[in-house]
Amino acid sequence: MLGVARRRLGSGTVLGQLMQTLRPAAAPRTYSAAAKEITVREALNSALDEEMSADPSVFLMGEEVGEYQGAYKISKGLLDKYGPDRVLDTPITEAGFTGIGVGAAYHGLRPIVEFMTFNFSMQAIDHIINSAAKSNYMSAGQISVPIVFRGPNGAAAGVGAQHSQCYAAWYAHVPGLKVLTPYSAEDARGLLKAAIRDPDPVVFLENELLYGESFPVSAEALDSSFCLPIGKAKIERQGKDVTITAFSKMVGYALQAADILAKEGISAEVINLRSIRPLDRAAINASVRKTNRLVTVEEGFPQHGVGAEICMAVVEDSFEYLDAPVERIAGADVPMPYAANLERMAVPQVEDIVRAAKRACYRAVPMAATA
Amino acid sequence: MAAAALLRRLPAARAPATAFMAARPISDSTATLTIETSIPFTAHLVDPPSRDVTTTPAELMTFFRDMSLMRRMEIAADSLYKAKLIRGFCHLYDGQEAVAVGMEAAITRSDSIITAYRDHCTYLARGGDLVSAFAELMGREGGCSRGKGGSMHFYKKDANFYGGHGIVGAQGQLFEALNISALWKLPAILVCENNHYGMGTAEWRAAKSPAYYKRGDYVPGLKVDGMDVLAVKQACKFAKDHAVANGPIVLEMDTYRYHGHSMSDPGSTYRTRDEISGVRQERDPIERVRKLIYAHDLATAAELKDMEKEIRKDVDAAIAKAKEISMPDTSELFTNVYKKGYGVESFGPDRKEMRATLP
């Protein structure tokens with residue numbers, strides 16, 4: 001009940017913020033029967049459906065998106081509804097169909113190119129970077145590229161080294177691209193709609209393990225005009241002792257860590273980044289100026305990762321506010337192993353986030369007190 | 001030798017009638033047999049090899065045994081996947097055994113093979129053993145990649161088998177490979193295991209020209225009945241001779257997979273069950289060899305059945321053994337990142353908690 005009220009009010013209003021602090025200790029998904037829940041899969045499917053309905057220039061292209069109903073069933077029903085001119089099954093030719101997609105965008109269509117996983121986007125990365133991202137700049141604004149590249153990103157379960165990489169840092173490195181990372185069903189709907197409507201190339205990084213997860217959604221989020229702003233993070237949980245930034249699946253882990261930390265008297269603020277490029281530096285800095293401590297969490301490899309950029313963003317803007325070194329939790333610095341025990345060690349776990357947050361909090365404690 | 005073979009191969013208890021039949025042992029003869037392939041070869045830019053394939057009874061028996069072993073391994077993998085002992089992706093090769101087996105009959109272990117993710121049987125054909133295959137599938141340290149690769153990443157360097165790769169499909173890369181191998185006259189054989197479906201997409205929806213053996217354009221090619229192990233052997237022998245002398249050649253193996261693309265794909269939403277059972281009925285590679293064995297009186301039905309029973313036992317024993325093998329040691333997380341690590345550090349998710357020096 002509180003949760004529903006909080007969602008309606010949002011965190012922007014004073015009453016909304018009050019409702020935030022009255023939030024029950026339980027995980028953020030115990031709501032009254034009145035709140036509707038949808039899966040991330042349903043959220044993505046409905047967003048695609050609504051945007052294709054609203055704008056005839058929007059079309060979907062990729063492997064198995066049509067007759068197979070989508071490799072992960074995200075595009076279920078769309079071929080039947082919109083026909084083969086708007087839902088195109090491609091051969092297994094990433095470079096080929098990405099090139100055609102970018103060309104279509106040059107001509108003013110609004111393609112959505114699906115990669116069965118972003119690991120396969122590497123077959124087409126030259127088109128994403130050189131044909132899409134840089135065109136508006138190189139042509140001095142003549143050629144804009146309103147394209148969305150979407151699909152599952154990061155680790156799944158037991159799929160091995162070539163199928164588990166996170167590409168957030170890779171794509172967010174490039175000026176000219178926008179990179180979005182939804183977590184909840186509301187994120188999925190609002191950010192995908194925003195991406196499709198955006199005039200620039202957007203890399204939309206989903207997560208296979210989140211597709212089946214259910215989240216409550218407000219009536220506002222279910223409306224077909226719903227859209228979330230690009231470049232704005234969401235404070236998923238307010239706190240005052242330490243800031244934890246995360247995106248995609250790691251948001252759920254960060255929230256679990258925050259619950260555990262709360263029991264030990266540490267109030268963690270969890271930021272769902274939602275947008276890796278542009279990165280919401282303002283929200284991150286505002287949070288760190290409040291808590292003075294920061295833990296960055298990501299699934300991808302650590303070196304040159306998203307956490308490294310966030311750390312620098314805080315050092316540049318809020319150095320004097322930091323009371324402890326910035327902590328970084330990331331995937332292990334090794335190709336993803338297949339064996340179950342090794343894979344568990346290679347991916348961040350909730351206890352890693354808890355441990356790092358505690359380190360960030362006790363760093364200012366005098367040594368005598370710890371003896 | 002024949003008597004010893006007799007004693008080795010016959011089971012202990014025999015009914016009187018079959019005891020009389022058993023006077024002729026399962027053939028391990030190396031006498032030449034000439035057998036016609038199911039259909040002639042179709043050729044592009046080259047004269048096709050003859051339909052008459054020379055083989056021996058011993059070789060035919062080996063074909064039967066090897067393909068049956070592969071078949072049983074893949075079916076067992078299906079069960080292990082459903083029991084959640086195999087995780088992630090699992091792409092099964094049952095139906096395509098003749099390609100892996102026929103190819104090996106024409107080449108040596110000094111010839112190199114590289115393939116995609118449907119690699120379990122290729123590994124076996126290259127001399128891999130059942131225990132290391134199952135151990136790898138179950139992520140144990142006794143696996144051929146010590147549990148670190150999984151189903152799609154089997155390798156056997158000492159047999160010149162270079163894997164085992166998960167990322168496929170780019171057609172432009174095929175053209176680049178054809179061009180450069182033709183330009184430089186490289187002794188390369190490009191084998192297309194044409195099982196007619198790319199995941200859920202039938203070839204007529206994915207390829208403007210389904211004549212893949214002609215896709216090499218200036219590179220010659222051969223279309224082969226990939227369900228006929230003798231045709232595969234003949235084609236590969238021909239291709240190797242050609243490649244060594246003249247440069248690249250394309251082989252299109254017309255084959256079929258009984259399972260879906262992977263264990264996540266039922267395989268029946270984009271093709272009919274009639275089609276699948278039809279192929280099994282008309283073209284199964286093991287059944288074809290079984291018929292040849294009967295036709296040339298190389299073994300009886302009972303003997304083949306016993307062989308299959310033994311294979312089943314071997315597979316079950318290998319699975320049991322693999323299940324006993326432990327998961328890799330946690331230190332293996334950081335091994336083999338580099339061949340030469342220069343002493344740099346690598347990290348776990350929490351670098352203050354887990355780190356290692358790469359030697």
Quick check: are there more than 12 heavy atoms from other residues, nucleotides or ligands sitting under 6.0 Å from [atom1] of [X]?
X: B:Glu275; atom1: CD; value: yes
X: B:Tyr338; atom1: OH; value: no
X: A:Gln303; atom1: CD; value: no
X: B:Tyr218; atom1: OH; value: yes
X: A:Lys73; atom1: NZ; value: yes

Let's test your reading of the structure: which of [options] forms the most heavy-atom pairs below 4.5 Å with chain A?
options: B:Ser151, B:Gly172, B:Gly88, B:Ala207; result: B:Gly88
options: B:Pro328, B:Gly348, B:Gly143; result: B:Pro328
options: B:Gly150, B:Cys90, B:Ala356; result: B:Gly150
options: B:Glu141, B:Gln171, B:Glu203; result: B:Gln171
options: B:Ile86, B:Asp329, B:Val337, B:Asp265; result: B:Asp265

Shortest non-hydrogen separation from [X] to [Y] and the atoms involved:
X: B:Leu333; Y: A:Leu342; value: CD1-O, 3.6 Å
X: B:Glu345; Y: A:Asp333; value: O-OD2, 4.4 Å
X: B:His165; Y: A:Gln162; value: C-OE1, 3.6 Å
X: B:Pro266; Y: A:Tyr68; value: CD-OH, 4.5 Å
X: A:Ala71; Y: B:Met199; value: CB-CE, 4.1 Å
X: A:Pro348; Y: B:Pro349; value: CA-CB, 3.8 Å

Tell me which one of B:Arg146, B:Lys148, B:Met152, B:Arg87 satisfies side chain to side chain contact (heavy atoms under 4.5 Å, CB included) with A:Tyr338.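 Filter result, single survivor: B:Arg87.
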Given heavy-atom pairs under 4.5 angstrom as the criterion, report whether the side chain, backbone, both or neither of [X] touches chain A.
X: B:Asn336; answer: neither
X: B:Leu358; answer: neither
X: B:Gln173; answer: side chain
X: B:Leu137; answer: backbone
X: B:Phe89; answer: both

Please flag which part of [X] lies under 4.5 Å from any non-hydrogen atom of chain B: side chain, backbone, both or neither.
X: A:Glu343; answer: side chain
X: A:Ala346; answer: both
X: A:Ala340; answer: both

Is there a side-chain contact between [X] and [Y] (heavy atoms, below 4.5 Å)?
X: A:Arg355; Y: B:Glu353; result: yes
X: B:Ile167; Y: A:Met122; result: no
X: A:Pro302; Y: B:Arg351; result: yes

Interface residue of largest heavy-atom contact number with chain B, from [options], under 4.5 Å:
options: A:Ala356, A:Pro91, A:Ala332, A:Gly331; answer: A:Ala332
options: A:Gly158, A:Pro337, A:Ala124, A:Gly66; answer: A:Gly158
options: A:Val334, A:Thr117, A:Thr90, A:Val347; answer: A:Val334
options: A:Met345, A:Met336, A:Gln69; answer: A:Met345
options: A:Val297, A:Val159, A:Asn119, A:Asp352; answer: A:Val159

Distance check, rounded to the nearest 0.5 Å: A:Tyr72 atom OH versus B:Ser264 atom OG?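 Answer rounded to 0.5 Å: 7.5 Å.
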What's the spacing between A:Arg328 CZ and B:Phe347 CZ if we round to 0.5 Å?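 Answer for the CZ-CZ pair, A:Arg328 versus B:Phe347, is 7.5 Å.
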Knowing that exactly one of A:Glu64, A:Glu67, A:Glu63 qualifies, which makes a salt bridge (Lys or Arg N to Asp or Glu O under 4.0 Å) with B:Arg205?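 With B:Arg205 as partner, salt bridge (Lys or Arg N to Asp or Glu O under 4.0 Å) holds for just one option, A:Glu67.
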Going by side-chain contact (heavy atoms from CB on, under 4.5 Å), name the residues that satisfy it together with B:Leu85, two or more places apart in sequence or in a different chain.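 If we apply the side-chain contact (heavy atoms from CB on, under 4.5 Å) test to B:Leu85, skipping adjacent residues, the hits are B:Leu80, B:Ala83, B:Met138, B:Arg140, B:Lys323.
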Would you check if the side chain of A:Asn341 reaches a backbone N or O of B:Thr330 as a donor-acceptor pair within less than 3.5 Å?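 No, the answer is negative, given that no donor and acceptor are paired below the 3.5 Å cut-off.
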side-chain contact (heavy atoms from CB on, under 4.5 Å) between A:Arg359 and B:Asp350: does it pass, once the steps are laid out? CA-CA 11 Å; A:Arg359 278 200 306 261; B:Asp350 181 352; 2.7 Å; yes
